[in-house]
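Please read the structure below before turning to the comments.
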Amino acid sequence: MDAQSYNTALTELRTVRDAIKKARTELAKLEADRNKKIVQLASYEKAKADRIAPAAGLGVADVVALAPALTPDSLAGNDAPQPSVPEPSTARAAADPAPPSPQPGAAAPAMAAAAARSAPPPVPARAAVPEPPTATEAPRNLPAIPAGTIGDAWFAHTSGLASTRPNFTQQARSTVFLDTDAGVLVHRNQTHRLDLASRSAADILTAVFHTVPEGVERIYITAGDPWHSDADHHPYLRDAVAAWLNAPTPGWRTDTGRGRDRMAGHFVHARNPVGRYQRDNSDHHVEIRSVGEWFDLDGDDPATVRDAFVLLWQALRRHWNDAVLMGSPSQTGRDLWTRTIPTRGQHADGFPVLSEELRGLLHATAGQGRNELLTPPRVPEQLPQLVEYDRTFAYAKHTWKSPVGTPRRITAPTFAAWSQKEQMRALYGCGHWQVRVTVPDTWDHVGLLPAPAPGDRAWHYPATPGITFTTWAGGPEIHTALANPIQPWKVEILDGILWEDGKPLDDWAKKLKETWSNLSAQAHFQGDAQQARAAHLASRAVRSILLYGIGSFAQRPRMVTGTTPRTAERDVPPGAEIIGFDDELITWQKPTGFARDPNAHPEWAAAIWSGARAALLTQRHRDDDTYAGALHTPPGSVIAFRTDALYLAHPQNWPYHHQPGDYLLKGHLTGPLPAPTTEEELLTVRNAGRAALSTGQEA
């Protein structure tokens, strides 16, 4: 680009900037007009939120937020509507009002017990359109276990529901791999060139089945993201995806599900959607999926991706002679786990599912990865360096012990009556605890325990000296707060859930870890570059199987996605969230609560997530007789946490032996450089650090 082209482009950029500003101003006026009309409609005595919502293109909760008088009777006893998460796979159980404050009880050194408190049980999830941010957001309160016999009744299993070993063989699905940018299709050992026209779902189905007439049941998109082809005409990616999935497909209709792994309808996801179709007048079913569910690609062609799936299947077959790769890593992970359930011994009858009340409580109070950016003045304005450490295959490190058996309620008086040794044994065991926490007056490091933050399922980590807050946390984090290498925190036990220690995931995880190790070795020693790359991708897929398999145990409330003609907007289900619409159809989603899923074990996911968050703070390396983690760095040197990665201002001499949980140096950027203040800035310097490390320019 020469100077003239540069100046011309700058002029064009300013024009675009002005157009965006004008469009935003016009949008704000339209939204204000819409909100005004909603308030006017609310003055009609027979007005109903579920009638107004689809006409406004909003959810019922959003309409109620604008006109509280329209609150349906079913919601009248709950808090004001909360915003929903952006993806249907992460729907939540709504938080309850704050329970009464606990009364102080007896205390042991570094911890004290307090009387139990009561609160109504978690209410079913409900969807809402995200509201515009306000200057001040109300704090989010977590639910509690009701006092007395009502709460005690939660401590049981769901009748007739347990995880048991399957007595059938999973059927493999004929699969093809398609690059929609290049029009390259790989089917078994053959490569074809396709004309995909507009890259719509209809064009893809037509082209694929013209080339491979029979038997294909799964189409993996390896490049092109065709569901984003019209993204410029939609305000959000999910709107573009929904429009792409719901566009007409002559000769096909939306699949309604079949078989033991019944999955009905399309799955609207901004990055990795799933289109499910069934041929008219036929039992032929096919899915269009993104291979991004399994691993990230870097220009890899469909043949390399096919080889990765073949290597993955072969490697899994060494441990499971009936292993089948299902549509997603989470489905595959859970299916493989069920095939490790013992046929003899203590758990031969399976693993019972918790009561719906306890599952709802865990869903609302057990977060996943720690994601936190620390900004000035908590860190220096100018950083000497930015160093990224990523815990290798992190969750695999925390599957050796998991909760089993019927849970016990440990009230504050019960806990206070125990000896300190009994208390510490319980906190080191498999438990989930409601606690009141006080940060030491002289604390000058990062926060240790998650606390509810404003926003849907949001968490933060208070570290202000002397502050007190109430939250829920798992045993590993509580133990870290009490026995950290800097200074013990004061933790008051208000209530708790305690299980027996067991190993329901140990065999499954060991097999996956061995599979990962073997594929990683192939990637390192393989002489053929394409096969080495395929082995690397396959090893990443094993990571996804374990990671998303664990996540699937959490069993969040399900979402149903559907469409309704614009001419029949009254038929949009009450309580549904409008996620998109065009001239013909309204696209909506609605939570359906917890299904009777025999493999729902949120207690396992919660325990692993708690252990992983604790290991970001401190982790012992027995073979090296040393420790690693954020608490083993100087105050002010931790820049960010991102799930299982740690960003520091100084490099550390932590051991790395290619084992799950080890801290791998993944990026190193020398400074001085400004401390990132937004996630976007963090990701920018992270990517620069990775590039610098890979080229040897970090020092």
Side-chain angles (χ1 to χ4, degrees), residues 22-86 88 91-97 123-138 140 233-236 238-240 242-243 246 268 454-456 557 559-593:
K22 183 178 179 181
R24 284 176 174 164
T25 301
E26 183 61 27
L27 177 60
K29 290 180 179 178
L30 290 171
E31 289 178 338
D33 186 46
R34 176 200 63 194
N35 296 347
K36 182 178 178 181
K37 284 181 167 56
I38 290 173
V39 174
Q40 290 174 344
L41 287 167
S43 64
Y44 177 52
E45 62 179 6
K46 295 184 179 180
K48 292 185 177 180
D50 57 2
R51 286 285 308 280
I52 295 174
L58 298 175
V60 169
D62 198 47
V63 171
V64 169
L66 292 166
L70 295 177
T71 303
D73 293 340
S74 60
L75 301 181
N78 298 327
D79 284 350
Q82 299 289 323
S84 70
V85 289
R92 65 178 178 84
D96 289 310
V123 299
R126 62 178 183 271
V129 171
E131 298 177 13
T134 57
T136 58
E137 295 183 84
R140 183 169 57 93
H233 295 86
H234 296 272
Y236 302 104
R238 288 181 65 222
D239 294 344
N246 292 303
V268 180
D456 187 43
M559 280 283 186
V560 173
T561 303
T563 59
T564 299
R566 289 291 296 267
T567 56
E569 65 180 35
R570 289 189 179 189
D571 296 335
V572 173
E577 175 191 355
I578 308 300
I579 60 175
F581 52 84
D582 55 27
D583 292 339
E584 297 181 359
L585 294 174
I586 297 171
T587 304
W588 49 265
Q589 67 181 19
K590 182 180 180 181
T592 59

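Along the sequence shown, the residues carry numbers beginning at 1.
Of all heavy-atom pairs spanning Arg566 and Ile586, the tightest one is CD-CG1, 3.3 Å. In this structure, Asp571 and Thr564 approach most closely via the heavy-atom pair CB-CG2, 4.1 Å.
When the side-chain contact (heavy atoms from CB on, under 4.5 Å) test is applied to Ala240, the partners found at least two apart in sequence or on another chain are Ala231, His234. Every residue two or more places apart in sequence or in another chain that forms a side-chain contact (heavy atoms from CB on, under 4.5 Å) with Ile52 is listed here: Ile38, Leu41, Ala47, Val63, Leu70.
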Can you give me every donor-acceptor pair (side chain of residues 26-35, partner residue at least two apart or in another chain, under 3.5 Å) with its distance?
residue, atom, partner, partner atom, Å
Asp33, OD1, Lys37, NZ, 3.0
Asp33, OD2, Lys37, NZ, 3.1
Asn35, ND2, Glu31, O, 3.4

